[in-house]
Amino acid sequence: LKGKGSDPNGVFIKVGTKVYLACDTPSIESDQEKFNVSYRDLPRLVKPNDIIYVDDGKIVLLVTECDRDGVSCEVKGEGVLGHRKNLKLPAGKHEHQPIMTPEEVEEISGLLKRHKIDYISIPYAVRKRDITTVRELIGHNDTQLLAKIDTVESIHNFEELIKAADGIIINRVELGLEMHAEKLMLA
């Protein structure tokens, strides 16, 4: 949640509730049914009947309609929707997300100036360019970059990622939202 009206503790949304995810629209005030999200390309990447997982799958949303400014959904799995919760898009949609937000770049740059950072984990890395982009953003220093393998796309591009990154992290929780259990154990 972001913007005017956001409850810092989040909002409990129940199964069957209709919600609207407004994409980077500061004029929309967040309430029990409307939530401002920072991902402006969302309506272009999802379609009706797609599932969006929120907060590592704790909340499940079924897309019912998309318009230019946002996405209408029906809540299929309830929970507390709060500030800075991640959205997990359907398989194949992750590579369109920016690897880092401007706020994250600023935050990491500030930390690197004040502290020696040994590792930075890069979630949703799906291509070599994701790793090289972060490396360019932070500058070439001793900080090691870890590609987080948490999408089907990242598994398909595993060899490319392992060559570009200094190490990897396998995130089976996120992968479990996209893969069947019998395949997950092989990841």
ask   = Among side-chain atoms of Tyr20 and Asp69, is any donor-acceptor pair under 3.5 angstrom?
value = no

query = If you take all heavy atoms of Ile131 and Ala164, which pair is closest and at what distance?
reply = CG2-O, 3.4 Å

query = Can you tell me if Glu160 uses its side chain to pair, donor with acceptor, with the backbone of Arg127 under 3.5 Å?
reply = no

Straight-line distance of Thr151 OG1 to Asn171 CG, nearest 0.5 Å = 10.0 Å

ask   = Are Asp166 and Arg135 close enough for a salt bridge, meaning some N to O gap below 4.0 Å?
value = yes

task = Search all heavy atoms of Lys128 against all heavy atoms of Leu161 and return the closest pair with its distance.
result = N-CD2, 4.3 Å

ask   = Ser72: what forms a side chain to side chain donor-acceptor pair (under 3.5 Å) with it, not counting sequence neighbours?
value = none

task = Answer yes or no: are there more than 12 heavy-atom neighbours, outside Glu106 itself, under 6.0 Å from its atom CD?
result = no

request  = For a side chain to side chain contact (heavy atoms under 4.5 Å, CB included) with Leu61, tell me which candidate from Ile51, Val71, Val46, Val54 qualifies.
outcome  = Val54

inquiry  = Out of the candidates Glu74, Glu33, Glu65, only one should pair with Lys18 under the salt bridge (charged side-chain N to carboxylate O under 4.0 Å, His left out) rule; please name it.
reply    = Glu74

ask   = Counting heavy atoms not belonging to Asp118, are there more than 12 under 6.0 Å from its CG?
value = yes

Spacing of Ile120 atom CD1 and Gln144 atom CD [to the nearest 0.5 Å] = 11.0 Å

message = How long is the straight-line distance from OG1 of Thr132 back to CG of Leu137, given to the nearest 0.5 Å?
response = 9.5 Å

Determine all donor-acceptor pairs shorter than 3.5 Å in which one atom belongs to a side chain in residues 108-115; sequence neighbours excluded.
residue	atom	partner	partner atom	Å
Ser109	OG	Val105	O	2.8
Arg114	NH1	Gly110	O	3.1

key: Nearest heavy atoms of Pro123 and Lys148, plus distance in Å   = CA-CB, 3.6 Å

inquiry  = Please identify which of these residues, Ile155, Leu175, Asp150, meets the side chain to side chain contact (heavy atoms under 4.5 Å, CB included) condition with Ile170.
reply    = Leu175

message = Other residues, nucleotides and ligands only: do more than 12 of their heavy atoms fall within 6.0 Å of OH on Tyr119?
response = no

request  = Would you indicate whether the side-chain heavy atoms of Val63 and Cys73 approach each other to under 4.5 Å?
outcome  = yes

key: Rounded distance [0.5 Å steps], CD1 in Ile162 versus CD1 in Ile168   = 4.5 Å

query = Atom CG of Leu87 and atom CG of Leu21: how far apart are they, to the nearest 0.5 Å?
reply = 6.5 Å

query = Does the side chain of Tyr53 come within less than 4.5 Å of Val60's, by heavy atoms?
reply = yes

remark   = For Arg68 and Pro43 the tightest heavy-atom approach is O-CG, 4.0 Å

ask   = Are any of the side-chain heavy atoms of Val134 and Asp130 separated by less than 4.5 Å?
value = no

key: Atom pair CD1 (Ile169) and CG (Leu146), whose distance is rounded to the nearest 0.5 Å   = 4.5 Å

inquiry  = Please find the pair of heavy atoms, one from Asp50 and one from Leu45, that lie closest to each other, and give the distance.
reply    = OD2-O, 4.3 Å

